[in-house]
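What follows is a single structure, written as structure tokens, with notes after it.
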Amino acid sequence: MSEIIEKTYKLLDTLDNSEVIKKLTKYKNIIEQDEEVLSLVKRINNEENPEVKIKLRKKLYSNPDYQNYMDAYNELNYIVLKINKKFAEYTNTKEGNCRG
């Protein structure tokens, strides 16, 4: 069991030092300082009109820093999904349901 724990910590360390985390962190810091991006996100979250939301999202996704952030975010989500799928296989549970 200690081998599994040790390798899990190694996996976490590897993930922490991975390019995807570095990219995600870099672009997160950039977009957190970008008033236009923050304003667009706020407007999207407060907008009720679906057509206006789509226009705002298109404008947001035209920002290269936001695109890079979302690419890294999606890549990380894919990695997490793969880990969860393996966990579910080992524990004979459905993904996202620890109780089985």
Side-chain angles (χ1 to χ4, degrees):
M1 184 66 151
S2 66
E3 179 184 350
I4 293 172
I5 294 170
E6 184 179 316
K7 289 189 180 207
T8 301
Y9 282 120
K10 186 175 180 180
L11 171 66
L12 293 173
D13 287 341
T14 301
L15 187 59
D16 281 343
N17 296 310
S18 69
E19 288 302 314
V20 70
I21 295 296
K22 289 177 185 174
K23 183 178 175 183
L24 185 69
T25 303
K26 173 186 173 183
Y27 287 105
K28 179 179 182 262
N29 290 334
I30 291 171
I31 63 174
E32 283 180 336
Q33 303 302 315
D34 188 326
E35 292 299 323
E36 183 180 354
V37 169
L38 296 177
S39 174
L40 282 168
V41 170
K42 188 175 184 177
R43 287 175 59 197
I44 290 167
N45 289 337
N46 292 326
E47 183 59 53
E48 292 186 22
N49 184 327
E51 292 175 11
V52 174
K53 263 189 171 182
I54 289 171
K55 288 179 184 178
L56 292 171
R57 282 191 178 124
K58 283 181 180 179
K59 187 172 182 180
L60 179 62
Y61 278 86
S62 71
N63 180 298
D65 293 326
Y66 188 79
Q67 285 178 1
N68 285 321
Y69 171 78
M70 289 307 297
D71 287 345
Y73 177 86
N74 289 332
E75 185 177 347
L76 181 59
N77 268 331
Y78 181 71
I79 291 167
V80 170
L81 286 172
K82 286 174 67 175
I83 291 169
N84 285 340
K85 185 175 181 178
K86 277 294 180 191
F87 176 76
E89 287 175 19
Y90 296 140
T91 59
N92 293 321
T93 59
K94 294 181 181 179
E95 290 179 55
N97 184 2
C98 296
R99 295 182 209 128

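Along the sequence shown, residues are numbered consecutively beginning with 1.
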Q) Stepwise, does the side chain to side chain contact (heavy atoms under 4.5 Å, CB included) test hold for D65 with V37? A) CA-CA 9 Å; D65 293 326; V37 169; over 6 Å; no

Under 3.5 Å, which donor-acceptor pairs do the side chains of residues 73-80 form with other protein atoms, sequence neighbours left out?
unit_1: N74; atom_1: ND2; unit_2: M70; atom_2: O; d: 3.2

(Q) According to salt bridge (charged side-chain N to carboxylate O under 4.0 Å, His left out), who are the partners of E3, at least two apart in sequence or on a separate chain? (A)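 E3 satisfies salt bridge (charged side-chain N to carboxylate O under 4.0 Å, His left out) with K7 only.
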
Q) Side-chain heavy atoms under 4.5 angstrom apart, residues restricted to Ile, Leu, Val, Met, Phe, Trp, Tyr: same cluster for I44 and V52? A)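 Yes, I44 and V52 fall within the same hydrophobic cluster.
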
Roughly how far, to the nearest 0.5 Å, is the [atom2] atom of [Y] from the [atom1] atom of [X]?
{"X": "L40", "Y": "I31", "atom1": "CG", "atom2": "CD1", "value": "11.0 Å"}
{"X": "L11", "Y": "I4", "atom1": "CG", "atom2": "CD1", "value": "13.0 Å"}
{"X": "N29", "Y": "L24", "atom1": "CG", "atom2": "CG", "value": "9.5 Å"}

Q: Determine the minimum heavy-atom distance between I21 and L15, stating which atoms define it.
A: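 Taking every non-hydrogen atom into account, CG1-O, 2.9 Å.
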
Q) Between A72 and V20, what is the shortest heavy-atom contact and its length? A) O-CG2, 3.5 Å

Q: Report yes if some heavy atom in the side chain of D34 is under 4.5 Å from a heavy atom in the side chain of I30; otherwise report no.
A: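 Side-chain contact under 4.5 Å: no.
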
Q: Hey, could you give me each pair passing salt bridge (charged side-chain N to carboxylate O under 4.0 Å, His left out) that has a residue in residues 40-59? Not counting sequence neighbours.
A: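 Every pair satisfying salt bridge (charged side-chain N to carboxylate O under 4.0 Å, His left out) with a residue in residues 40-59: there are none.
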
Q | Where at least one partner belongs to residues 9-28, residue pairs that pass side chain to side chain donor-acceptor pair (under 3.5 Å), sequence neighbours excluded | A | Y27-N68, K28-E32

Q | ring pair (Phe, Tyr, Trp, His ring centres under 6.0 Å) partners of residues 46-66, not counting sequence neighbours, each pair once | A |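 Non-adjacent pairs meeting ring pair (Phe, Tyr, Trp, His ring centres under 6.0 Å): Y61-Y66.
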
Q: Kindly say whether E35 contributes a backbone atom to a donor-acceptor pair with the side chain of S39 at under 3.5 angstrom?
A: no

